[in-house]
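For ligands, and for the atoms within them, numbers begin at 1 and follow the listed sequence.
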Amino acid sequence: MLLTISTTARPATDLGFLLHKHPDRVQEFGQSFGTAQVFYPEADEERCTAALMLDVDPVRLARTRGRTAPDFSLGQYVNDRPYAASSLLAVALGDVFRTARAGRCAARPEAAANPLPLSITLPALPCRGGPDLARRLFEPLGWQVQAQAVPLDPRFPEWGDSRYVRLALHGEVRLADALNHLYVLLPVLDDAKHYWIAADEVDKLIRAGEGWLAGHPDRELIARRYLGRRRALQRTALARLAELGDEVEETLVPPVEEEAGSRPPDEEPDPQPVRPLSALRREAVLAALTDVGARSVADLGCGSGALVADLLKRPEFGRIAAMDVSVHALAVARRRLGLDRMPDAQRGRLELFQGALTYKDDRIAGFDAAVLMEVIEHVDPPRLAALERVVLGLARPAHLIVTTPNAEYNVRYEGLTGHRHPDHRFEWSRAEFAAWAHAAAERYGYDVTFRPVGEPDPEVGPPTQMGIFARAGREQEGMGS
Ligand code: SAH
C-alpha cells in the first residue's frame, strides 16, 4: 500500500521539515496491524517526494480482532487489506503525520500555514462509487483530480473494472489540509471502515475536517460513511458541523446534483436541510450591532472571517478590525475575503491583524462595538480575567457582543459526551454565563443583557447564548447613533 506526496515549492526539501520526517532516512513506525515506512524516492531543491508505504501483516490483522483494532471485521486471512490503499492507510497516515496534520512546524511556520503546490498519488484506492465519487469528493477542496478505474485484469478487458481507482491529485493546498483530506476521505471512499465506531470518532472527524468539511457540498455523505452509518453519531456530527460554520462554503463550487439512483440503497435520503447555527449566530450578532448603532466594529478572534465578510457587505460599518491569534485562520480569512484584489474603498475599511486577546493592544481600542463570537470558550479559564481586562478594561468599546455555547443544550446532540469542539476549554450553562458576564460587567462599568441564538428548546434553552454589554454612562460621552 503506497501513497506519495510531492511538492515543487522551492526549496522542495522543506517537505521533510513539514512532515517532521528527515529526507535522508527510511523510518519505520509500528502499527497494530503492520508496519508503516516513510522514505523519500526523490529529494532535491526543485522537487521532493515523500512516500508512505504500509506493509500489512494479515496474520497480525486477524489476531488483533477486537474493538480496539481498526478493521477488525476484515480480519480474515484472505482480504485486500495488504495491498490496497484503504482505511488502514488512513489510520497509519493519521498516526505517522500527526504533527503535520495539526499544521505545526516551528522550523517552517510560513510554509506550514500556506498552500503549497502538491501532488499526491495512490496507485490502488478501493473506491465504492468509482472515479466519479473520487472526483466529487476531492475537487471541491481545490484538487485537480485524475481518477481511473483499475481493470480487474488488463488481459481480459471484458471482465470490466475492479473496485480500485488509481488516483492522482494536484493542487495548491496547505499540507496539513491535504493530509486531513486523505485521513478523512480514504476511509470514506473505501467505505469498509467496519470497526466499532466510538463517540470520539466524531471528535476526530470534526478536528480533521477543520476548515473544509463544514463547507463541503458532500459533508453529509462524508459523515455518513466515515461514521459507519451510525445514525446518532451522524446526526451529532452534522449538527456540530453546522454549528462550526459554513466557513469555506463561499469559496467552494456548488453542490453536485445527485443523479437518480446514484445513492447506494442502504443510505437513507438526507434529512431536511436546516439553517446552520453558524449562520443564525452571525445574523444575531449583526442584528445586535445594528441595534446598538455601531459604525466601527472590532471582531476579536475573527477566525476565518465569516462575520467580517458580512460586515463588509454593509456600508454602515465604516471601520472594521479583525484580529486573531492564529496565523492559519488569518491566512484563510485573507483568501476568503479576497484581500489582495479588494477595491481600495473596501480595503480601506478593514484592518486585519494577528494579536492575542490576553495582551493589551491599542489596535482594538476606540471602537463602537467589539465582538467575541464563539471565542471565550477557547481561552483557558485562568486567562479569562486577562481577556476581560484587555477588552472591557483597556479597549473599552461602547458595546461588546459575546456569544458562547449553552452547555445545557448539549443533551440535544445525541451521542455527544464531551464538548462540542475538541478545542473548547469549557462550555457554560446559562446561569454560569450570566454569572461570569455580570461579574465582568460590574468590574469594568458595563451593563449586560442576554439574548438567545437559534431555536430555544423549552427545557434546555437555545443552542447558543449571547450577552450584550453596554458601557455605563456612554450617552454622556456622545457615543451611539
Ligand atoms: N469568531 C469566529 C471564530 C471562532 S473560533 C467565528 O465565530 O466563526 C475561535 C477563534 O478564537 C479561533 O480562530 C482562535 O484562533 C481564536 N482565539 C482563541 N484564543 C484567542 C486569543 N487568546 N486571542 C485571539 N484569538 C484567539
A.B. asks: Regarding atom 14 (C) of ligand 1: of the candidates Val285, Leu357, Asp324, which has the closest heavy atom?
C.D. replies: Asp324
A.B. asks: Against ligand 1, does Gly355 come closer than 4.0 Å with any heavy atom?
C.D. replies: yes
A.B. asks: Any non-hydrogen atom of Cys302 lying under 4.0 Å from ligand 1?
C.D. replies: yes
A.B. asks: Please indicate whether Phe29 has more than 12 foreign heavy atoms, meaning atoms of other residues, nucleotides or ligands, lying under 6.0 Å from its CZ.
C.D. replies: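 Result for CZ/Phe29: enclosed.
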A.B. asks: Counting both backbone and side chain atoms, is some N or O of Met323 under 3.5 Å from an N or O of ligand 1?
C.D. replies: no
A.B. asks: If the cut-off is 4.0 Å to any non-hydrogen atom of Gly303, which atoms of ligand 1 fall inside it?
C.D. replies: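 In order of numbering, the contacting atoms are 3 (C), 13 (O).
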A.B. asks: As an exercise, state the distance from CG of Asp299 to CG of Leu307, rounded to the nearest 0.5 Å.
C.D. replies: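 The distance works out to 4.5 Å.
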A.B. asks: May I ask you to check whether Val375 has an N/O atom sitting below 3.5 Å from an N/O atom of ligand 1?
C.D. replies: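 In this structure, Val375 places no N or O atom under 3.5 Å from an N or O of ligand 1.
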A.B. asks: Judging by distance only, is a nitrogen or oxygen of Gly301 under 3.5 angstrom from one on ligand 1?
C.D. replies: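 Between Gly301 and ligand 1 (N or O atoms, distance only) the closest approach is under 3.5 Å.
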A.B. asks: What are the atoms of ligand 1, with element, lying closer than 4.0 Å to any heavy atom of Ser326?
C.D. replies: 15 (O)
A.B. asks: So that I can tick it off, tell me whether Asp310 and Lys313 are bridged by a salt bridge, with the cut-off set at under 4.0 angstrom between side-chain N and carboxylate O.
C.D. replies: yes
A.B. asks: Hey, does His378 come in under 3.5 Å of ligand 1, counting only N/O atoms on both sides?
C.D. replies: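 Among all N and O atoms of His378, none is under 3.5 Å from an N or O of ligand 1.
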A.B. asks: Identify, by atom number and element, the atoms of ligand 1 in contact range of Ala356, meaning under 4.0 Å from any of its heavy atoms.
C.D. replies: 23 (N)
A.B. asks: Taking atom types as modelled, is there a side-chain donor on Ser6 or Ser119 under 3.5 Å from an acceptor on the other?
C.D. replies: no
A.B. asks: Using 0.5 Å steps for rounding, measure from the CG atom of Leu182 to the CG atom of Leu122.
C.D. replies: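 Output value for this atom pair is 6.5 Å.
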A.B. asks: Should the ring pair His378 and His424 be called parallel, tilted or perpendicular, given that the plane angle runs from 0 to 90° and is split at 30 and 60?
C.D. replies: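 Plane angle over 60°, so perpendicular.
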A.B. asks: Please identify which of these residues, Phe469, Tyr444, Phe450, meets the ring-ring contact (aromatic ring centres under 6.0 Å, His included) condition with His438.
C.D. replies: Phe450
